[in-house]
Protein chains: 2
Amino acid sequence: MIQSAVVQQLRQGGVRVTPQRLAIAEAVLNSTDHPTVQQIHERVQQHFPSMTLATVYSTLGVLSKSGLIQELPFAKQSRYESNVSPHVNLVCIGCGNIADADDSSDIIIRLRDQVSNETRFQVMWQRVDFHGWCRTCQAAIEPAAAAGQ
Amino acid sequence: MIQSAVVQQLRQGGVRVTPQRLAIAEAVLNSTDHPTVQQIHERVQQHFPSMTLATVYSTLGVLSKSGLIQELPFAKQSRYESNVSPHVNLVCIGCGNIADADDSSDIIIRLRDQVSNETRFQVMWQRVDFHGWCRTCQAAIEPAAAAGQ
DNA sequence: ATATATGCAAATCATTTGCATTCCT
DNA sequence: AGGAATGCAAATGATTTGCATATAT
């Protein structure tokens, strides 16, 4: 069961394991939509109606420091994701959705090594965001241009 | 003179050119330290003592939309940079300094093309941050480990 | 047993907004 | 001239903090 791995990784970091923390960890780890704090709060509140935002904020900080999840700060608010291995985030300008790009890991690792060698900067983790138009939003715009053709 | 290029690019976007806007644009374009809004305000206030933070915020938004500069949101506050071509930001965990990695452009463009082809996501711009230890902060830590050797 | 997490309310602080006055074009 | 930018003050909203109570180890 997935819980045991989470519990183990938290305990290794000297972090106490509570039902709330497990629920928040699961909410993020089971998500692929890079949820906001509010969204995580709403989802977890279904199981813990009395949980407050303060607990969610505190726990997300703990989970980030433990390396289980990653915070993605944006201009308006942060979002969170469970994919801590090198990858590209595809951030849609139109709908705001964020998705992970498949198979983007190798080239990022190569870039990491190259930069590391040339600059002697010791990379611990990275964030790679590509901003643009997702397929759905392209389709919603392009027909107008195509019609004008 | 650099001003003329800035003026031209702003006017092309239908943006009015004011002395304050030019000063803020110059402050960012002449910087390499990825300054915060507060820092930009302090620097520009030397020439415009009455300028407020509200004007700085407003202008940074205008300059970003005009494509002259790029906002880099972080958890605590945003920072701004003038390098809008593809590159890697080296964000030091220790001192908080941010520097651009030289010669990182080509491999990012390749990554862009690859992801673009595989996912049909239309990339408009990107942000690539490598977090880790700069050479100075490594040197401040390592001697302890080396001594233990 | 004891240090730490949770829940609640209040505080903080970056960023935004409304409006009167001033300034580009 | 006329609409948009500036400066100032007040508002907003995400995130943090303090403290009493409950809980993990």
Side-chain angles (χ1 to χ4, degrees), chain A residues 3-4 6-28 34-42 44-66 68-80 96, chain B residues 3-4 6-25 27-28 34-42 44-66 68-69 71-80 96:
Chain A
Q3 281 206 350
S4 57
V6 173
V7 170
Q8 193 178 329
Q9 188 161 351
L10 288 175
R11 286 224 174 100
Q12 278 182 347
V15 173
R16 287 196 185 174
V17 177
T18 67
Q20 289 93 330
R21 284 181 171 172
L22 282 180
I24 292 168
E26 262 189 52
V28 179
H34 306 72
T36 66
V37 178
Q38 311 280 342
Q39 288 173 323
I40 296 166
H41 183 223
E42 285 164 13
V44 174
Q45 258 196 334
Q46 296 178 345
H47 304 286
F48 294 84
S50 65
M51 191 186 295
T52 63
L53 269 174
T55 297
V56 179
Y57 274 107
S58 159
T59 299
L60 289 173
V62 167
L63 297 176
S64 298
K65 278 174 199 133
S66 298
L68 272 167
I69 65 177
Q70 187 173 6
E71 179 182 4
L72 300 177
F74 284 93
K76 299 301 174 190
Q77 86 273 60
S78 283
R79 298 177 66 157
Y80 286 85
Chain B
Q3 280 203 353
S4 59
V6 173
V7 171
Q8 193 178 329
Q9 189 162 352
L10 288 176
R11 289 225 173 101
Q12 280 182 347
V15 173
R16 287 198 184 173
V17 177
T18 67
Q20 289 93 332
R21 284 182 172 171
L22 281 180
I24 293 168
V28 179
H34 306 73
T36 66
V37 177
Q38 312 278 342
Q39 289 173 322
I40 296 166
H41 183 223
E42 285 164 13
V44 175
Q45 258 195 333
Q46 297 178 344
H47 304 285
F48 294 84
S50 65
M51 191 186 294
T52 62
L53 269 175
T55 297
V56 179
Y57 274 107
S58 159
T59 299
L60 290 173
V62 167
L63 298 175
S64 298
K65 279 173 200 135
S66 297
L68 272 167
I69 64 176
E71 180 183 3
L72 300 177
F74 284 93
K76 300 301 174 191
Q77 86 274 62
S78 282
R79 297 177 69 157
Y80 286 85

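Here is how names work: the chains are called A, B, and so on, in the same order as the sequence lines, proteins then strands, and each is numbered from 1. Atoms considered below: every heavy atom in the structure, side chains included; atoms not considered: hydrogens, waters and symmetry mates. Keep in mind that what you see is a predicted model, and the values were worked out from it rather than measured.
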- Task: Please tell me which of B:Arg16 and B:Met51 maps to the more 5' nucleotide of DNA chain D, matching each residue to the nucleotide holding its nearest heavy atom.
- Result: B:Arg16
- Query: When you match B:Thr18 and A:Ser78 each to their closest nucleotide on DNA chain D, which lands nearer the 5' end?
  - Reply: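 Counting from the 5' end, the first nearest nucleotide belongs to B:Thr18.
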Hey, could you give me the [atom1]/[atom2] distance between [X] and [Y], rounded to the nearest 0.5 Å?
| X | Y | atom1 | atom2 | value |
| --- | --- | --- | --- | --- |
| B:Thr59 | B:His41 | OG1 | NE2 | 11.0 Å |
| A:Leu60 | A:Tyr80 | CG | OH | 5.0 Å |
| A:Gln39 | A:His34 | CD | NE2 | 12.0 Å |
| B:Ser78 | B:Ile40 | OG | CD1 | 10.0 Å |

- Message: Using heavy-atom distances to pick each residue's nearest nucleotide on DNA chain C, tell me which of B:Gln20 and B:Ala54 is more 5'.
- Response: B:Ala54
- Mapping A:Val15 and A:Ser50 onto DNA chain C by nearest heavy atom, which one lands closer to the 5' end? A:Val15
- Got B:Val15 and B:Lys65 here, is their nearest side-chain heavy-atom distance under 4.5 Å? no
- Query: Within a strict 4.5 Å, meaning less than it, do heavy atoms of the A:Val6 and A:Val17 side chains meet?
  - Reply: no
Rounded to the nearest Å, what distance is computed from the [atom1] atom of residue [X] to the [atom2] atom of nucleotide [N]?
| X | N | atom1 | atom2 | answer |
| --- | --- | --- | --- | --- |
| B:Leu53 | D:dT6 | CG | C1' | 13 Å |
| A:Glu71 | D:dA14 | CD | P | 14 Å |
| A:Phe48 | D:dA22 | CZ | P | 17 Å |
| A:His41 | D:dT15 | NE2 | C1' | 14 Å |
| A:Lys76 | D:dT12 | NZ | P | 15 Å |
| B:Tyr57 | D:dA11 | OH | P | 19 Å |

- Item | Check: A:Arg16 main-chain N/O paired with A:Arg21 side-chain donor or acceptor under 3.5 Å | yes
- Message: By the 4.0 Å heavy-atom rule, please label A:Pro73 as base, sugar-phosphate, or nothing.
- Response: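 No contact.
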- First and last nucleotide of DNA chain C in contact with chain B, 5' to 3', at under 4.0 Å to a heavy atom: what are they?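 Result: C:dA14 to C:dT25.
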